[in-house]
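Have a look at the structure below, then the notes.
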Amino acid sequence: MSKVARILCVEDEDMLLQDLKEELEDENYEVLTAKNGHAALEVLKSEKPDLIISDMMMPKLDGPGMLTHIRSNRPSLNDVPVIFLTAKATRADLIEGKRLGVDDYLTKPVDYDLLLATVEANLGQVLRLRKQSQLKLRRIYNAI
């Protein structure tokens with residue numbers, strides 16, 4: 001992406017949250033953090049990240065609850081990919097996450113190479129879709 005991508009990391013484990021932040025910042029991403037889904041929703045009132053990485057199991061508001069709220073009540077975030085990063089790695093957990101509308105799913109312990117590749121792929125997809133939309137709008141504008 002031409003601008004620095006902004007990523008919101010939502011994780012209740014302090015050390016893991018700090019590790020995620022450092023790894024992503026080392027790759028030149030701007031990183032916002034929140035310790036649970038409720039805190040993330042507060043951040044999202046004033047910030048629009050390019051991507052959200054969230055744990056599933058957290059106090060106050062878990063990842064699935066946060067995702068459900070975002071997809072139901074925040075249409076301005078429809079183009080923001082959400083990646084679940086969790087220890088819940090059974091087939092049923094993966095299916096639950098996909099049915100909730102999560103864009104990708106990574107498991108703990110964190111494989112940082114896989115995490116970074118997943119982040120890059122999701123941001124690339126968003127960029128491709130945005131460029132395609134802009135091209136369509138230009139065609140419509142030129143046709144008028």
Side-chain angles (χ1 to χ4, degrees), residues 1-13 16-58 60-89 91-144:
M1 300 184 81
S2 59
K3 68 176 183 104
V4 174
R6 180 182 289 171
I7 300 172
L8 172 59
C9 290
V10 189
E11 172 61 57
D12 63 320
E13 295 178 36
L16 180 53
L17 184 60
Q18 187 59 37
D19 287 347
L20 289 167
K21 185 177 187 320
E22 289 174 7
E23 285 288 330
L24 292 165
E25 287 176 342
D26 285 349
E27 295 298 315
N28 297 315
Y29 294 113
E30 181 181 338
V31 181
L32 306 167
T33 61
K35 298 197 49 118
N36 59 59
H38 180 70
L41 293 177
E42 286 299 312
V43 170
L44 294 171
K45 286 181 179 178
S46 61
E47 302 285 346
K48 182 180 180 188
D50 298 295
L51 181 124
I52 299 169
I53 299 171
S54 178
D55 189 7
M56 282 186 78
M57 297 181 294
M58 298 177 288
K60 297 186 182 179
L61 181 62
D62 63 8
M66 179 192 72
L67 178 61
T68 299
H69 177 84
I70 289 170
R71 296 293 190 235
S72 299
N73 302 303
R74 301 293 302 274
S76 65
L77 298 174
N78 281 346
D79 63 341
V80 177
V82 177
I83 300 170
F84 277 160
L85 176 64
T86 184
K88 293 181 74 173
R91 184 174 183 275
D93 295 325
L94 291 167
I95 291 169
E96 175 191 1
K98 294 292 185 176
R99 286 190 173 144
L100 287 171
V102 75
D103 296 285
D104 223 322
Y105 201 108
L106 296 170
T107 58
K108 295 177 184 177
V110 180
D111 176 332
Y112 286 101
D113 291 331
L114 181 57
L115 172 77
L116 294 171
T118 301
V119 165
E120 185 178 321
N122 276 271
L123 291 172
Q125 177 69 8
V126 169
L127 183 60
R128 285 189 300 279
L129 291 173
R130 286 180 183 162
K131 283 183 178 180
Q132 184 179 29
S133 294
Q134 289 173 350
L135 187 60
K136 286 179 183 179
L137 286 173
R138 273 194 215 126
R139 287 182 188 147
I140 292 169
Y141 178 78
N142 290 336
I144 298 174

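Residues: numbered from 1 along the sequence shown.
Heavy atoms from other residues, nucleotides or ligands lying under 6.0 Å from NE2 of His69 number more than 12.
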* Determine, stepwise, if the pair Asn28 / Val4 fulfils side-chain contact (heavy atoms from CB on, under 4.5 Å). => CA-CA 7 Å; Asn28 297 315; Val4 174; 5.7 Å; no

* Apply the test side-chain contact (heavy atoms from CB on, under 4.5 Å) to residues Glu22 and Tyr112: give CA-CA distance (whole Å), side-chain angles for both, the deciding distance (0.1 Å), then the verdict. => CA-CA 11 Å; Glu22 289 174 7; Tyr112 286 101; over 6 Å; no

* To do: Apply side-chain contact (heavy atoms from CB on, under 4.5 Å) to the pair Val10 and Val43, showing each step before the final yes or no.
  => CA-CA 10 Å; Val10 189; Val43 170; over 6 Å; no

* Decide yes or no on side-chain contact (heavy atoms from CB on, under 4.5 Å) for Leu44 and Val80, but give the supporting numbers first. => CA-CA 11 Å; Leu44 294 171; Val80 177; over 6 Å; no

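Applying the salt bridge (charged side-chain N to carboxylate O under 4.0 Å, His left out) rule to pairs touching residues 60-78 yields Arg71-Asp103, sequence neighbours excluded. A salt bridge (charged side-chain N to carboxylate O under 4.0 Å, His left out) check over residues 109-120, counting only residues at least two apart or in different chains, returns nothing.
Rounded to the nearest 0.5 angstrom, Lys21 NZ and Thr33 OG1 are separated by 6.5 Å. To the nearest 0.5 Å, the span separating CZ on Arg91 from CG on Leu94 amounts to 9.0 Å. A distance of 13.0 Å separates CG in Asp93 from NZ in Lys98, rounded to the nearest 0.5 Å. Leu115 contributes atom CG, which lies 11.0 Å from atom CG of Asp19 (distance to the nearest 0.5 angstrom). For the atom pair Ile53 CD1 and Leu24 CG, the distance stands at 5.0 Å (nearest 0.5 Å). Annotation: the span from Tyr105 atom OH to Leu100 atom CG amounts to 9.5 Å, rounded to 0.5 Å.
Leu8 and Ala40 get closest at one heavy-atom pair: CD2-CB, 4.1 Å. Residues Val102 and Val82 approach most closely at CG2-O, 3.1 Å, considering heavy atoms. Here the shortest heavy-atom pairing between Cys9 and Val31 reads SG-CG1, 4.0 Å. In plain terms, the two heavy atoms of Pro81 and Val126 that are nearest each other are CG-CG2, 3.4 Å. For Leu17 against Glu11, the heavy-atom pair with the smallest separation is CD2-O, 3.7 Å. Of all non-hydrogen atoms in Ala5 and Asp50, the two that sit nearest each other are CA-OD2, 3.3 Å.
Using a 4.5 Å heavy-atom threshold, the side chains of Leu67 and Phe84 count as touching. In this structure, the side chains of Leu51 and Ile7 come closer than 4.5 Å at one or more pairs of heavy atoms. Contact check for Met66 versus Ile70: side-chain heavy atoms found under the 4.5 Å cut-off. With contacts defined as side-chain heavy-atom distances shorter than 4.5 Å, the pair Asp55/Thr86 qualifies.
In this view, Glu47 and Arg6 satisfy the salt bridge (Lys or Arg N to Asp or Glu O under 4.0 Å) rule, not counting sequence neighbours. In this view, Lys48 and Asp79 satisfy the side-chain hydrogen bond (donor to acceptor under 3.5 Å, both in side chains) rule, not counting sequence neighbours. For Glu13, the salt bridge (Lys or Arg N to Asp or Glu O under 4.0 Å) partners are Lys108, not counting sequence neighbours. In this structure Lys136 satisfies the salt bridge (Lys or Arg N to Asp or Glu O under 4.0 Å) test with no other residue, sequence neighbours excluded.
The pair Arg99-Glu96 fails the salt-bridge criterion, with no side-chain N (NZ, NE, NH1 or NH2) lying under 4.0 Å from an Asp/Glu carboxylate O.
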